[in-house]
Asks: 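A single structure is presented below for examination.
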Amino acid sequence: MNLKPETLSKIDEVITHYPTKRSATLPLLHLIQEDVGHLPPDTSEWVAAKLELQPINVLEVITFYPMFRQKPIGRRHIKVCRTLSCALLGGYKTCATFEQEFHTHLGEVSPDGEVTVDFVECLASCGTAPVVMIDDELHEKVDCAKAKQLSDQIKAEAQKR
Amino acid sequence: MAVITVERKPLTFLERTYLPQIAGGLKTTFKHLIAPKKTLEYPEQRPAIPVGYRGVPTLVKDPNGREKCVSCQLCEFVCPPKAIRITPGEIPADQADRAHVEKGPQAFDIDMLRCIYCGLCQEVCPEEAIFLQNQFSMSGYTRAEMVNHKDRLYELGGTLPDAHHKWDKKKTAEEHGNAH
Amino acid sequence: MFDFYFEIPLVIRLILQGLAVIMVIFPIAGACSMAERKVAAWIQDRPGPNRATVPWVAWIPFLGKFLQRLGVFHVMADGGKMMFKEDSLPGHVNKFYFVLAPIVAMVPALTTVVAVPFGAYFDAAGKLIPLGLAPLDIGMLAVFAVSSLGVYSAILAGWASNSKYPFLGSVRASAQLISYELSMTLAVLPVFLWVNAPGTEGTMGFARVVEFQSQPGFLGGMWFGFLMPISAFIFLVALFAETNRQPFDTVESESDLVGSFHTEYGAFKWGLFFVAEYSHMIVGSGVFMLLFGGGWNPLPWVSLATAVDFLGTFLPFAHAPLFVGILSIAIFMGKVLAMIFFFMWVRWTLPRFRYDQVMKIGWQKLLPLSIANLLFYAIAIALIQK
Amino acid sequence: MIAPAKPDLVTVNIDGQEIAVPKGTNVIEAARLVNVDVPHYCYHPKLSVVGNCRMCLIEMGMPAVDPATKAPIMDPATGKQKINWIPRPQIGCGTNVSPGLHVKTISPMVKDAREGVMEFLLINHPLDCPICDQAGECKLQEQATGYGRGYSRFVEQKNVKPKRTQLGPRVTLDDERCILCSRCIRFSKEIAKDDVLGFVDRGSYSTLTCYPGKKLENNYSLNTVDICPVGALTSTDFRFKMRVWFLKQTNVIDTESSVGANTVVWSREGTIYRITPRRNDEVNDTWLADSARVLYKAVKAADRLAATETIEALVARAAALFKSTPGAIAIVGSARSTVEEQFFTRHLATALKASAHLVSRVGQGDKLLISADRNPNVRGALVTGLIKTLPAQQLTDLAAQIDAGKIKAVVAINEDLAAAGLTAAQLAKVSIVYLGAHANATSAAAKVVFPTLTVFEKSGTFVNQQFRIQKTLKAVPAAAGATDDLVVLAQLVAAAGGAALPAELGSLWKVIAAEVPALATMTFANLPETGLVLDATPYAALPFVEGETLHYKPAQPAVAAATA
């Protein structure tokens with residue numbers, strides 16, 4: 001595990017928030033994912049050692065939550081909502097547009113390494129469906145046109161770098 | 001329940017001598033003496049085997065030539081005279097077309113000296129792998145010869161049309177089921 | 001033509017004759033067992049035994065197949081099997097009597113043949129000479145006396161077998177024999193009363209009885225079977241019982257006694273019992289035919305002499321003693337075989353009587369009937385022949 | 001599990017039957033006391049309660065009281081106190097009894113609930129009972145007959161999961177059959193203390209997995225197979241060998257160590273197929289070590305001895321040998337023999353005026369079901385009076401006596417003298433009479449060899465570390481050419497001029513009861529299934545080697561390390 005020093009200090013700090021060390025599992029995993037971008041295979045053992053657990057206990061948590069990623073993702077994470085309101089208003093088409101734009105498939109890193117498109121459960125903005133979340137930024141009423149526009153924007157930003 | 005007394009007709013003198021009845025009987029038997037014979041002369045003439053006939057129990061293969069028996073041993077359990085003896089075995093994973101069902105009989109013996117042709121094995125078989133088919137005549141010179149081993153059972157049984165396609169279903173399920 | 005035969009010493013001649021008779025009776029008895037199976041099969045709408053064949057006979061185009069279907073080779077096959085089967089001797093039997101019993105069965109069966117004439121010819125003087133091993137004057141008595149000994153074989157076998165069913169069977173056999181022998185004897189008495197008319201030389205021989213049935217005239221040409229139907233009937237029924245034939249088969253009675261006195265027997269010894277039974281039947285049928293069926297006379301009111309005279313009109317050798325002898329034997333044997341067929345026919349028609357029924361019929365029905373019959377004929381004959 | 005009656009009993013009403021049960025009992029166990037079966041999968045009396053299978057749903061309610069006055073509210077229809085039934089079903093395993101609790105285990109709602117749970121459990125189940133080794137002892141099969149629908153309403157594709165995962169060297173996992181009860185996970189964590197199993201993924205994709213790179217290979221791994229209510233975990237050794245309904249069950253004692261775990265031996269027509277634990281809450285609960293489950297292989301081992309002579313001829317030769325070496329005979333008995341055999345050994349020693357030696361075996365205890373003393377019956381030898389002190393691991397005394405020429409003949413019973421420290425030269429110096437089931441250096445060197453039986457082929461008793469005398473029964477018939485140890489010993493005792501002893505256990509126990517004070521009131525037939533604890537006080541001073549194990553605490557600190 002190659003964690004940044006500030007992550008390590010945050011981890012040590014977070015553990016003290018809980019009466020039992022085991023309770024710190026989720027915050028720790030979040031911190032590691034923030035740092036590394038995903039949870040590499042040795043996370044379980046590292047966290048288990050840190051919290052005096054068995055690795056399988058941590059693995060159970062990692063595999064349970066879809067928000068924990070065990071594989072690396074692209075630089076930008078595009079999350080398209082697939083729950084009822086969005087689906088009714090064209091969420092599937094939006095998702096397909098993103099896939100086409102970046103020549104990628106759901107859950108995979110695009111060939112240029114720029115994005116990962118995911119089809120996720122409700123993003124809690126049903127009134128403005130379909131919604132898309134790019135990294136931590138919510139975009140509302142994303143139809144195909146807007147999706148194209150967002151894609152172009154991301155591509156342009158990538159070009160700049 | 002009421003008792004009904006049946007009035008027996010008293011026999012006449014002639015009847016009591018038995019003689020008219022004997023004469024009648026002799027007449028009947030004489031008619032049969034010259035009547036055409038009704039025997040089926042077996043080795044030359046063969047009987048028509050009716051549908052559902054319970055002949056020698058056999059093992060059958062599915063249309064793709066794979067053995068259907070998974071050696072669950074239910075037939076061995078249900079067999080009233082304990083004529084069936086199965087040694088279960090594992091089907092190795094490298095047999096691609098069969099691996100979807102992991103178990104098959106290593107040995108399958110039916111002792112035809114014990115078999116009573118009751119058909120319970122056929123009835124109990126969950127895989128429809130054992131059938132009592134049309135053959136009714138088994139003979140041999142030794143006791144050992146009268147035990148049908150697995151290959152002989154398959155030879156007798158042959159292949160029957162299969163409505164269930166168990167292996168194929170398992171394979172399809174493995175390939176197209178809700179995998180992760 | 002055959003004069004040289006009469007020049008042979010008498011003893012050798014008798015031995016040859018005896019052997020000849022035995023050589024005929026034995027195969028016939030054997031063949032009867034096959035006939036029994038065939039008759040049974042035909043009556044039951046089956047073809048019966050029809051598989052055994054001999055290669056060189058099978059090659060004969062039509063006859064071979066016919067003989068095979070008829071089952072004649074099964075006699076050979078069965079006989080051969082009897083011969084070569086292991087002749088086992090159970091451990092629990094009395095060995096001496098056990099072996100003796102089938103022999104005892106054969107002896108009376110074959111001995112009685114001696115007294116039965118089975119044909120006749122006319123000598124130069126036109127006198128009828130009966131053909132028989134011993135033309136006894138007391139033929140009937142001899143037959144009764146010796147054939148009764150047959151039951152000893154059943155008793156011996158039953159007792160020596162040292163097991164329950166054979167024993168029960170042998171007890172039944174002796175009881176049945178006693179019960180029916182009486183009626184049988186009483187039934188034939190009217191015949192001999194009639195034959196031995198006052199003033200004639202008294203005889204119990206069969207020749208005289210046949211001779212009597214060969215006379216011209218209405219009563220003379222009439223066979224005793226028509227003249228004395230009750231006697232014939234009683235004799236016939238008693239004959240069934242004496243030979244242990246169905247429906248008086250309680251001795252063998254396989255359904256309740258397994259096989260009765262021969263339960264423990266097998267192979268050749270077992271076969272002897274059956275040869276003896278059939279021999280009994282042959283002799284019994286012969287006696288019946290002599291007494292009530294006209295002997296060697298071809299038809300009622302047609303005596304052998306008449307028939308020969310008739311044949312003489314177009315057959316030059318019809319009066320030759322040899323031809324007459326063979327003709328009479330053929331007629332007689334034909335009647336006997338028809339009688340045996342009747343035995344079998346009855347067997348596959350009637351069910352077996354229960355043992356109590358057998359006893360009841362014997363003692364309460366047949367015996368009074370035969371006594372009444374005897375009284376009736378005694379009075380009738382006395383009146384007629386006065 | 002219900003402890004013996006404690007003072008704080010709680011009265012509950014289950015299906016109309018009133019019963020007093022200890023506080024803290026859950027509804028499943030309370031119902032079991034009134035012979036009511038509450039179906040369940042995840043609950044196990046020896047494991048923690050998780051309540052995730054939902055099969056044990058019951059209806060429950062409490063007597064109604066007026067909230068204000070706390071006075072009971074009566075039901076005018078029945079004249080009894082009204083019951084306030086909770087409108088939704090509750091799980092029986094997670095519900096502990098409380099005073100006045102009313103439970104309905106047979107009601108339309110409970111039946112509906114069970115049928116619903118069964119339908120969900122069977123949605124993704126492969127239904128491959130014909131090839132499943134659990135068939136016949138599968139809870140899913142059992143409950144399906146009572147609460148199954150009989151046909152499936154599920155038209156979608158079933159989930160596909162790995163069919164033959166090797167979780168460890170002895171355990172095979174079929175994930176499709178798993179109903180996610182987590183018994184195996186809890187066992188590994190709580191009892192075996194080897195937390196390697198867990199569920200990964202969620203929802204219907206949840207899969208039982210061993211942590212990548214680890215294996216379920218602790219010595220108690222096969223207990224997960226025993227407690228698996230379905231056919232997901234199967235024993236690799238027993239897999240596809242035989243359907244369980246053909247097997248005869250015999251109660252046997254594990255002879256692996258002085259714990260004396262209770263086992264069931266499953267055999268068919270003289271062949272043993274598997275060994276499973278038998279519940280004895282004083283000894284082994286419901287557990288058994290994996291190593292104890294392969295002991296049956298000794299029965300059909302290639303090195304089994306078989307007699308080439310009649311037993312009479314062998315006894316005659318042994319008797320001649322005894323006569324030729326009077327006063328110079330030693331007996332090496334065994335702490336692996338049954339109490340009865342040790343009793344006979346003592347008689348043989350007396351008759352021959354010989355000294356009796358025993359061999360001790362000490363290993364590492366695992367604090368669970370394998371104790372440090374690997375002899376199952378050292379205490380039996382003490383009780384029968386065969387020995388007075390604890391045996392040593394090496395027969396140094398005997399070796400010295402042989403070297404000194406004082407001992408000319410040795411009767412070795414079930415013990416390999418070479419393994420116990422005698423050299424080949426020493427073995428060659430003495431005439432050996434050997435009784436044993438398997439060939440070894442001693443049987444090779446012996447003048448007279450009596451082939452005898454393994455523990456699975458004979459009945460008898462063992463005294464475990466708790467001084468608990470337990471009986472073992474004959475599971476399979478004696479191997480061809482082998483004779484019961486008791487028959488051989490009885491004839492040897494007679495040949496040596498000793499008392500006539502019956503080899504039949506019923507009559508033998510009369511003799512034992514008469515001669516051994518500690519066993520004076522016992523008979524073989526009356527020995528309870530769970531064993532009988534003997535008085536240990538006469539032996540309190542002896543330095544037993546056992547450390548702490550399940551249900552056993554040594555009276556004094558173990559000296560295993562010192563003697564090992």
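Scope of the values below: all heavy atoms of this structure, side chains included, with no hydrogens, waters or symmetry mates. Protein chains get the first letters and strands the later ones, always in sequence-line order, with residue 1 at the start of each.
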Asks: Which atoms of C/Leu350 are under 4.5 Å from chain B, going by heavy atoms: the side chain, the backbone, both sets, or neither?
Replies: side chain
Asks: Quick one: does C/Trp345's side chain have a donor or acceptor within less than 3.5 Å of a partner on B/Leu26's backbone?
Replies: yes
Asks: Rounded to the nearest 0.5 Å, how far apart are CD of B/Gln21 and OG1 of C/Thr349?
Replies: 13.5 Å
Asks: Looking at C/Asp45 and B/Ala35, what are the two nearest heavy atoms and their distance?
Replies: OD1-CB, 4.0 Å
Asks: Could you tell me whether C/Glu86 atom CD has more than 12 heavy atoms of other residues or ligands within 6.0 Å of it?
Replies: no
Asks: Which residue out of B/Ile34, B/Thr39, B/Ile22 racks up the most heavy-atom pairs below 4.5 Å with chain C?
Replies: B/Thr39
Asks: Measuring heavy-atom distances to chain C, does B/Tyr18 have an atom under 4.5 Å in its side chain, in its backbone, in both, or in neither?
Replies: side chain
Asks: For B/Arg143, is the CZ atom crowded, meaning more than 12 foreign heavy atoms sit under 6.0 Å from it?
Replies: no
Asks: Using non-hydrogen atoms only, which part of B/Leu19 is less than 4.5 Å away from chain C: side chain, backbone, both, or neither?
Replies: side chain
Asks: Which pair of heavy atoms, one from B/Lys37 and one from C/Arg46, lies closest together, and at what distance?
Replies: CD-O, 3.2 Å
Asks: As a quick check of understanding, evaluate side-chain contact (heavy atoms from CB on, under 4.5 Å) for B/Thr17 and C/Phe233, giving each step before the final call.
Replies: CA-CA 12 Å; B/Thr17 61; C/Phe233 173 71; over 6 Å; no
Asks: Take a 6.0 Å sphere around CE of C/Met83 and say whether it holds more than 12 heavy atoms from other residues, nucleotides or ligands.
Replies: no
